[in-house]
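Contents: one structure, followed by commentary.
In the text below, chain A, chain B and the rest are named by the order of the sequence lines, each starting its count at 1.
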Amino acid sequence: MNEIIEILSDLHPDIDFETAKNLVDNKILDSFDIVSLIAEINDNFDVAISAEEITPENFNSAESIWALVERLMED
Amino acid sequence: MLFTSYEFLFFVLATCVLYYVIPKKWQWMLLLAASYVFYFLAGASYLPYIFVTTVSTYLIARKITSLQAVVDAYIKEHKKELSREERKEYKAKEKKKQWRLLLLCLFINIGILAVLKYTNFAIANVNSMLTTFGSTAKLDFVDFVLPMGISFYTFQSMGYLIDVYRGKYEAEKNPFRFALFVSFFPQLVQGPISRFDDLAKTLYEEHKFNSATVASGLQRILWGYFKKMVIADRMLVAVNTLIKGPEEYQGAFVFAGMLFYALELYADFTGGIDITIGIAETLGIKVTENFHRPYFSKNIKEYWNRWHMTMGSWFTDYIFYPISVCQPMLKLSKFSRKHFGEIIGKRIPVYLSSFVVWFTTGIWHGASWNFIVWGLGNFVVIMISQELEPLYRMFHKKFPKADKALWFKIFRVGRTILLMSSLRMFDCYRDVPLTFKMFGTMFTTWNWNVLWNGQLLELGLEVKDYIILFLGMMLVFTVSMLQRSGSVRGKIRTLAFPVRVIIWYGLFLVVLLFGAYGVGYDASQFIYNQF
Amino acid sequence: MKKLVLVLMFALVMTGCGKEKADDSENNSTVVENQNNQENQGSESKNDEKTDTNKVTEPKGYVFEYNGVKIGMDMEAAPIIAALGEADSYFEAPSCAFEGLDKTYSYGSFEIDTYEQDGKDYISTVFFCDDLIETPEGVCLFETKADMIKAYGEGFKEEFGMLVYEKEGMKLKFILEGDEITSIEYSSTVLDVQ
Amino acid sequence: MEEKKLSRSRKVLTFCVVTIIIIGSLYLLQKLLVPKYMTDIVEGAMIAEYYDEEHDHDVVFIGDCEVYENFTPALLWEEYGINSYIRGSAQQLIWQSYYLLEETLKYETPDVVIFNILSMKYNVPQNEAYNRMTLDGMKWSSSKVNSVKASMMEDEKFLDYVFPVLRYHTRITELNGDDFKYLFHKDKVTHNGYYMRVDVKAAENVPKGRPLADYSFGETAYKYLDKMTALCKEKGVQLILVKAPSLYPYWYDQWEVQMEEYAKENDLVYINFLELQEECGLDFTTDTYDGGLHLNLSGAEKATKWLGEFLSKEIGLASRRGEEKLETAWKKKLDAYYEEIDRQTKEWQEKQNGGEK
């Protein structure tokens with residue numbers, strides 16, 4: 001979870017990702033960010049997030065991203 | 001049937017009346033029938049193409065869904081016996097089957113689109129290559145029909161198919177309902193490109209006649225006609241004169257043409273979409289918005305999120321993401337990070353997939369180098385902007401107030417418009433070299449006095465036309481400003497009845513009297529029908 | 001330092017500045033196409049340009065030449081008439097009910113017709129009256145169909161019994177009786193109705 | 001309950017009132033925008049004038065400018081007691097002539113219909129503006145519907161005839177005093193369909209006809225001529241074909257042969273005034289106002305005289321002078337006629353004098 005927040009903060013130092021919700025709906029994360037994020041996650045956790053998992057629900061908050069990663073790691 | 005033809009108005013009227021007269025459970029069937037009649041009237045020879053797309057997509061999506069059901073059932077049943085690895089392996093194997101089906105369907109449908117749209121472009125390129133190598137042989141051009149709206153309905157169907165494959169929703173069971181999704185007539189000619197999960201429900205639902213909804217829909221249609229007929233079709237006269245006479249109209253004329261074209265395109269395309277969405281609304285159906293006041297964008301990237309939005313998100317979801325997060329791409333990224341450093345490695349997925357997206361976007365708009373160069377031009381601008389991000393941050397740190405200042409906002413909006421307009425010159429002029437040449441004349445031919453010495457009056461528009469255009473644009477601008485705080489139609493609804501009547505009747509009169517239609521004006525087709 | 005600021009400004013100008021959040025980028029688009037529309041959708045073709053756009057100052061299509069004066073269709077008549085010198089005879093026909101005169105200038109071996117638009121006269125026809133003149137491609141009255149084909153090729157169409165070569169919005173019309181050319185006429189398509 | 005009813009009926013009432021206001025204002029707007037044809041191009045007002053007439057004519061002329069500028073009903077009445085009317089309009093095409101005839105015969109059955117055959121040369125619709133001048137003036141009837149359908153150019157729409165505002169909306173920026181002055185009432189522009197001109201411009205250098213590839217009249221033209229012939233036979237009206245004495249557009253010998261043959265085959269009278277120039281005493285240095293295309297008053301009087309003689313002697317139309325109703329009607333018309341002659345003559349003389357200075 002903290003690692004996710006770290007990655008996110010690298011992308012946007014000015015945002016507090018602990019509390020921020022609706023990252024996608026409010027256009028805080030754009031498609032470039034999401035792609036960088038997925039690359040980082042792939043590096044750090046060794047999980048592959050595929051295109052079909054890129055939905056607003058999965059990327060709207062650090063929490064939901066973490067949930068996605070956990071689910072994929074289990075799978 | 002042009003949107004601006006009497007036939008179309010009559011067709012819509014007849015459809016709407018019938019729609020609310022017949023039993024509600026037949027409503028969607030009526031729409032299907034109307035859509036096919038509409039398509040038939042546009043050209044009987046188009047029917048086989050949309051039919052093939054509908055049937056192939058329907059069947060393959062159904063097959064994929066049923067395969068998925070089998071997988072789910074199997075896993076559920078054998079949950080205990082199977083290990084995680086076994087489950088994974090089984091799933092992967094099954095997924096592969098679905099993947100092949102998906103590929104087959106994409107191949108058929110994108111294939112049809114590509115062959116019809118790009119064969120002659122390919123032949124032209126081969127021919128010029130042959131000439132370069134000194135051969136006198138020439139391939140003959142082929143004479144394919146290009147079915148109306150093929151780019152739109154193909155994209156819409158393929159989006160549906162990929163969603164089904166991704167398990168976002170199940171395939172539609174009723175083939176006729178699916179056929180309606182593909183062919184829904186208001187959006188057939190020029191989009192928006194709807195998603196199945198957005199459109200389907202509202203499309204098949206039963207809709208009770210509701211005078212408020214119908215009135216609201218009609219108002220939107222009227223607004224669309226205003227933009228289209230009063231502004232776009234009038235502007236078109238001058239635009240055509242300018243771009244058809246590149247020898248004569250250079251320098252400042254190019255600049256004027258650029259802005260005129262930006263105006264025309266905006267009014268034409270958003271007006272058309274207003275009509276589309278308005279017709280749907282009149283029928284009680286909600287179609288996704290396609291524009292969000294694009295010319296108010298701060299930068300090009302934002303612009304592309306607010307202009308033709310349904311196409312943008314289509315390219316993002318079905319091309320950009322799949323390419324940028326696929327395994328080979330991630331590996332490539334890792335590899336480059338190791339060998340070329342962090343900075344380059346990180347950018348590779350984004351850059352490569354953006355390149356593909358913009359190339360595709362370009363060629364989707366038309367089979368010519370003009371559009372490809374135009375698409376890649378957007379790519380270059382966006383990437384430069386991306387790379388300069390640190391500089392912007394520096395700038396804003398230094399001048400923290402600039403962001404709130406009006407002059408800075410105006411500067412940004414102006415810059416967006418100028419950038420977009422200059423890129424769009426590629427779809428005005430005959431070929432790429434000519435476009436560059438004309439662009440150059442803006443800086444070499446110093447004839448700014450033509451803007452006020454009366455020469456603008458020789459382009460086919462008179463003083464009164466410019467006045468109408470100016471007032472029309474002021475109205476559009478005002479409405480856009482008002483829209484920032486919510487629907488303008490909603491605001492008008494709160495006014496007193498006589499005021500409302502005057503507003504809408506007034507707008508109707510303006511379209512009736514100042515619309516550029518009829519003898520003397522040739523209603524131009526929606527620019528966007530062509531894609 | 002100044003230079004840096006300049007570069008910075010230039011960069012700001014030239015690209016979309018993305019201070020906060022530029023959202024997603026790829027995609028969408030638009031553009032229009034004006035000329036190469038192919039996805040024809042069963043409706044009229046786009047903008048027939050308004051009438052005055054086909055006015056030309058340069059000769060177009062097949063052009064008749066007499067004493068070094070080029071007489072092309074839809075060219076402004078005044079300079080041509082001036083260059084040709086006084087006509088042997090002149091006739092003007094007002095259109096019924098409308099403003100605007102159609103004028104005919106006769107120069108013995110040929111006649112020129114003009115039409116009026118927005119107060120100016122434009123060439124609508126050059127008509128051959130005898131075989132003392134020939135077209136720049138070398139065809140004159142009373143020659144044969146073979147001579148015509150030799151000069152202009154096989155690319156003619158038959159219209160109302162005439163053989164017509166169409167080029168750049170003008171027509172070169174031949175009438176044949178048997179094998180003999182009995183009429184040669186350059187004509188503008190602006191006034192074409194039939 | 002009561003209240004609900006009330007508010008409902010109020011709603012209905014408001015709806016009705018608003019609808020009436022909107023339709024009424026649109027109607028007025030349309031009336032305002034339609035060209036009035038009262039000054040300059042008066043040819044567009046001709047067709048509508050017929051409806052104000054007493055429909056009791058002995059002779060009705062149908063055709064293009066070659067009838068309405070070359071024959072004058074006033075003279076036919078004064079000298080021969082023949083009550084006639086010209087249903088002419090600029091570049092009236094033959095199917096328009098046919099449907100005008102059809103319509104006219106619904107109002108009255110004259111003894112003779114005279115049709116000028118120059119329009120045989122047109123086989124397809126020619127020009128939207130001329131269509132409008134012939135068609136807009138007609139009252140709605142099946143004849144008008146058919147005439148519009150037959151006349152429309154490719155880019156014209158039927159609806160534009162039903163709601164002329166759709167055609168003329170661009171005039172909103174060009175409205176002038178006439179549009180308001182003649183909103184509800186129009187002046188007469190003709191004298192029983194005759195368009196008078198007294199000025200003179202001698203005919204010179206009228207070009208010879210250039211060879212045509214095909215001299216035969218078109219199928220459609222013949223079809224409507226046949227229909228005209230049949231309609232007149234059916235109604236017991238004598239159809240007379242004429243070619244007016246205008247020198248231009250050129251009338252080819254090959255055309256003449258076809259018309260003579262047609263008249264013979266269908267047992268019709270055909271009069272070619274081009275061949276009667278001497279007999280009529282026409283002099284194209286003084287009898288035309290535009291160099292040979294149209295006759296002026298002096299020319300029209302000569303041609304009409306010949307025709308009047310022919311109609312009364314050969315066809316046997318009796319003079320109706322002395323019929324009280326007609327006499328009073330014509331008295332008024334002749335006053336206006338001579339007043340107009342005076343006015344134009346004065347104007348013409350002034351212009352000439354001015355020119356000489």
Side-chain angles (χ1 to χ4, degrees), chain A residues 3-17 20-62 64-75, chain B residues 84-85 87-88 91-92 95 102 162-168 197 292 299 301-302 304-306 312-313 315-334 336-338 342 345-354 357 382-383 385-387 389-390 393 396-397:
Chain A
E3 269 177 279
I4 299 282
I5 293 184
E6 236 168 72
I7 301 170
L8 286 169
S9 303
D10 270 354
L11 290 169
H12 294 282
D14 43 341
I15 309 268
D16 176 14
F17 286 98
K21 303 271 181 258
N22 296 329
L23 296 175
V24 176
D25 293 338
N26 291 348
K27 307 202 167 153
I28 296 169
L29 292 184
D30 68 13
S31 56
F32 286 11
D33 297 328
I34 289 180
V35 169
S36 318
L37 182 66
I38 290 175
E40 295 283 344
I41 291 175
N42 185 46
D43 260 10
N44 296 356
F45 302 95
D46 197 29
V47 288
I49 298 177
S50 65
E52 58 207 76
E53 270 130 358
I54 307 178
T55 58
E57 301 83 66
N58 283 340
F59 282 83
N60 257 340
S61 67
S64 60
I65 299 171
W66 178 238
L68 173 69
V69 172
E70 275 189 319
R71 199 170 72 233
L72 288 170
M73 286 199 297
E74 252 169 52
D75 225 10
Chain B
R84 218 180 109 191
E85 273 66 42
R87 243 175 23 222
K88 233 178 171 172
K91 262 190 176 170
K95 198 85 195 167
L102 173 74
I162 296 171
D163 282 351
V164 167
Y165 167 79
R166 288 177 175 177
K168 202 172 164 196
D197 44 343
H292 186 62
N299 55 55
K301 233 172 156 188
E302 185 184 334
W304 281 117
N305 280 305
R306 300 171 63 163
S313 71
F315 275 105
T316 312
D317 287 354
Y318 304 120
I319 295 189
F320 179 77
Y321 284 140
I323 294 179
S324 54
V325 306
C326 67
Q327 283 306 314
M329 183 65 85
L330 291 177
K331 273 183 198 138
L332 180 65
S333 163
K334 245 184 211 168
S336 349
R337 257 193 265 184
K338 218 184 264 164
E342 190 76 359
K346 257 188 174 167
R347 283 169 171 70
I348 280 207
V350 168
Y351 275 52
L352 274 181
S353 11
S354 291
V357 163
I382 289 173
M383 290 310 138
S385 152
Q386 188 75 6
E387 288 307 317
E389 193 89 351
R393 286 195 188 155
H396 285 287
K397 229 172 220 160

Need one label for B/Arg337: side chain, backbone, both or neither, based on atoms under 4.5 Å from any heavy atom in chain A.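 For B/Arg337, side-chain heavy atoms alone lie under 4.5 Å from chain A.
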Dump the intermediate steps for side chain to side chain contact (heavy atoms under 4.5 Å, CB included) on A/Glu53 and B/Val325, then the final yes or no. CA-CA 11 Å; A/Glu53 270 130 358; B/Val325 306; over 6 Å; no
Distance, nearest 0.5 Å, that separates [atom1] of [X] from [atom2] of [Y]:
X	Y	atom1	atom2	result
A/Asn42	B/Lys331	CG	NZ	9.5 Å
A/Ile49	B/Tyr321	CD1	OH	11.5 Å
B/Lys346	A/Phe32	NZ	CZ	14.5 Å
B/Leu330	A/Glu40	CG	CD	11.0 Å
A/Asp30	B/Gln386	CG	CD	7.0 Å

In terms of heavy-atom proximity below 4.5 Å to chain B, should A/Ile34 be classed as side chain, backbone, both, or neither?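 Contact with chain B involves the side chain of A/Ile34 alone.
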So which atom in [X] and which in [Y] form the shortest heavy-atom distance, rounded to 0.1 Å?
X	Y	value
B/Arg393	A/Leu11	NH2-O, 4.1 Å
A/Val35	B/Pro349	CG1-CB, 3.9 Å
A/Ser31	B/Thr316	CB-CG2, 4.1 Å

